[in-house]
Amino acid sequence: MAVRDPTGFLRREYEQLVENELDWKLRVLDGPSLPRCVVDGRKVLMLCSNNYLSMSNHPKVKRAAIDAIKTHGAGSGSVRPIAGNMDLHVELERRLARFKDAEASLVYQTGFAANAGLIPQLADAGDLIVSDELNHGSIIDGVRLSKADRAVYKHCDAEDLKKVLEKAEEHSPAYRRVLIITDGVFSMDGDIAPLDGIAAQAHDHGAMVYVDDAHGEGVLGKGGRGIVSHFMLRREEVQVEMGTFSKAFGVVGGHVSGSRDLVNYALNKSRTWLLSGSHPPAVAAACIAAIDVLEKEPEHVRDLWVNTEYFRKGIRSMGFDTGKSQTPIVPVMIGESGAAKKFSSRLFELGIFALPIVFPMVARDKARIRTIMNSALTRKDLDEALAAFQKVGKELGLL
Ligand SMILES: *Cc1c(COP(=O)(O)O)cnc(C)c1O
């Protein structure tokens, strides 16, 4: 039977989203992502970028990208396994492994590509994947590509994980492998996974640990080395440390660090890695420079934390709730979705750019303004932001 309007669903579904106010209204950043920037033609203070250390504008990082275009061109010409494996890609992996204190690292095009490409290769039919209930969408999609059984444990709850693992041991036939996956830092609340407890449970039950440290790198641990360093865990305890160059590193690209065996396996098995063009030289060179900056200029991570403490304390002392935040992700709890949206648009009018996070991303009554701190914000910037939160909080009767 002929379908009369085979694409009609596109508009119908979209209109439904608009009606429910669930559609994304894209704002345009005119110029660089800096604390003082221009969004939709308005000068604002940026409080919602993942560019924690303003690395995307660091002169050494920009210089490295420009130089690499001059020496290596604009593109790599191929996928890594054929003709697109440049010296810059190899050097980046060597530098990253050294930075992470790992035997080896592998760079993917994005963090999403790393999760989608690697997770289904680590666990398949006859295996079990155990996830924190609030894991990132790219982990969820990676898990969906696997034929393994799935289980979830309560958010950041190593005791509940233990129960899930004990129950899994009764499964017949016995699971071949068990893979535990967690975000390092959770991006909605800014809380930190109890990776020490998770690793201990994994050890007791012979499971592997996979941590996605997208929001922990450049933030947690010695010199921003991430969550494994933060908990001072050994490489054997957390076998797969995944991350991204798109957040604190300020560029783009995913990566995985661990044993040489892991990297050999991952590069031969991950289809997102094998079948997708490698990074342009400018990207690889900029990422190398970003690692270099992190190693040589510890002040950026320090400034990020000083700003975080100052802002969080200021927000809390007004009477706002910042939930479970332990990191530079500082959610300001508002309550209802409508109020959070109103709050955000009033902030924007006052020159503060911070987005509301509402249902279905968080529970209906847990809508919030999610702020993300930055090392390059000045005390004056933070005071201005705090004053705006106070003003809008009073206007809307929240304070
Ligand atoms: C941002 C993010 C990703 C995706 O990383 P990209 O490199 O931007 O694709 C994956 N996992 C988590 C937890 C993230 O926050």
Side-chain angles (χ1 to χ4, degrees), residues 24 29 33 48-53 55-56 89 92-93 96 100 105-120 122 129 131-145 152 155-156 179-195 198 209-221 224 226-228 230 238 240-257 266 270-273 276-280 283-284 286-287 290-291 324-331 355 357 361-362 370-374:
W24 283 99
L29 185 55
S33 173
C48 54
S49 109
N50 295 321
N51 194 16
Y52 291 101
L53 306 172
M55 201 69 94
S56 65
H89 300 123
L92 173 57
E93 286 167 349
L96 181 66
K100 291 273 179 182
S105 295
L106 184 66
V107 173
Y108 289 74
Q109 290 80 357
T110 65
F112 203 118
N115 283 336
L118 182 55
I119 293 170
L122 293 176
I129 300 177
S131 302
D132 184 290
E133 64 184 345
L134 296 187
N135 276 348
H136 191 257
S138 58
I139 296 177
I140 294 172
D141 276 13
V143 172
R144 282 187 185 159
L145 288 171
V152 292
H155 177 54
C156 283
L179 175 66
I180 301 166
I181 309 183
T182 182
D183 280 26
V185 171
F186 290 83
S187 60
M188 295 298 152
D189 290 293
D191 51 341
I192 302 173
L195 197 61
I198 292 170
V209 180
Y210 185 124
V211 66
D212 174 342
D213 205 22
H215 283 280
E217 292 169 335
V219 175
L220 298 177
I227 192 166
V228 175
H230 172 80
V238 179
V240 189
E241 187 177 354
M242 173 269 164
T244 178
F245 289 112
S246 75
K247 292 185 172 129
F249 286 100
V251 193
V252 75
H255 52 81
V256 169
S257 298
S270 306
R271 286 204 288 197
T272 54
W273 193 87
S276 186
S278 57
H279 279 158
V283 169
C287 291
I291 294 174
K324 292 175 282 187
S325 170
Q326 297 170 277
T327 65
I329 296 172
V330 183
L355 285 183
I357 306 278
M361 282 189 280
V362 292
R370 183 182 57 173
T371 66
I372 303 183
M373 286 296 108
N374 192 292

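Remember, it's 1-based here, ligands and their atoms both numbered in the order they're listed. None of the values given here were measured: they were computed from a predicted structure.
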What atoms of ligand 1 come closer than 4.0 angstrom to any heavy atom of [X]?
{"X": "K247", "result": "1 (C), 2 (C), 3 (C), 14 (C), 15 (O)"}
{"X": "T244", "result": "5 (O), 6 (P), 7 (O)"}
{"X": "S138", "result": "10 (C), 11 (N)"}
{"X": "D212", "result": "10 (C), 11 (N), 12 (C), 13 (C)"}
{"X": "H215", "result": "15 (O)"}

Just distances here: any N/O of [X] and N/O of ligand 1 closer than 3.5 Å?
{"X": "A214", "value": "no"}
{"X": "G111", "value": "yes"}
{"X": "S187", "value": "no"}

Which label fits F245 and H255: parallel for a plane angle under 30°, tilted from 30 to 60°, or perpendicular past 60°?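 Plane angle between 30° and 60°, so tilted.
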Ring-plane angle category for H279 and H89, please: parallel below 30°, perpendicular beyond 60°, tilted otherwise.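 Aromatic pair H279/H89 classed tilted.
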Nearest protein heavy atom with distance in Å, relative to atom 8 (O) of ligand 1: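 Nearest neighbour among protein heavy atoms for atom 8 (O) of ligand 1, to 0.1 Å: S246 OG, 2.9 Å.
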Of all the non-hydrogen atoms in the protein, which one sits nearest to atom 4 (C) of ligand 1, and at what distance?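 So the nearest neighbour among protein heavy atoms is F112 N, 3.8 Å.
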Applying a 4.0 Å heavy-atom criterion (strictly less than), which segment of D183 is in contact with ligand 1: side chain, backbone, both, or neither?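 Answer for D183: side chain.
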Checking the side chain of N135 only, and the main-chain atoms of I140 only, is there a donor and an acceptor separated by less than 3.5 Å?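 Pair absent, no side-chain N/O of N135 close to backbone of I140.
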Determine whether a donor-acceptor pair (N or O, by modelled atom type, separation under 3.5 Å) exists between the side chain of S325 and the backbone of P331.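 Looks like no, no N/O pair under 3.5 Å.
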Tell me, with the steps shown, if R370 and L355 meet side chain to side chain contact (heavy atoms under 4.5 Å, CB included). CA-CA 6 Å; R370 183 182 57 173; L355 285 183; over 6 Å; no
Identify, with sequence neighbours excluded, every residue that meets salt bridge (Lys or Arg N to Asp or Glu O under 4.0 Å) alongside R271.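 Listed in chain order: nothing, the list is empty.
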H155 and D191: side-chain donor and acceptor closer than 3.5 Å?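 Yes.
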Checking side-chain polar atoms at under 3.5 Å, does S270 have a donor or acceptor matched by the opposite partner on Y108?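 Result is yes, a qualifying pair exists.
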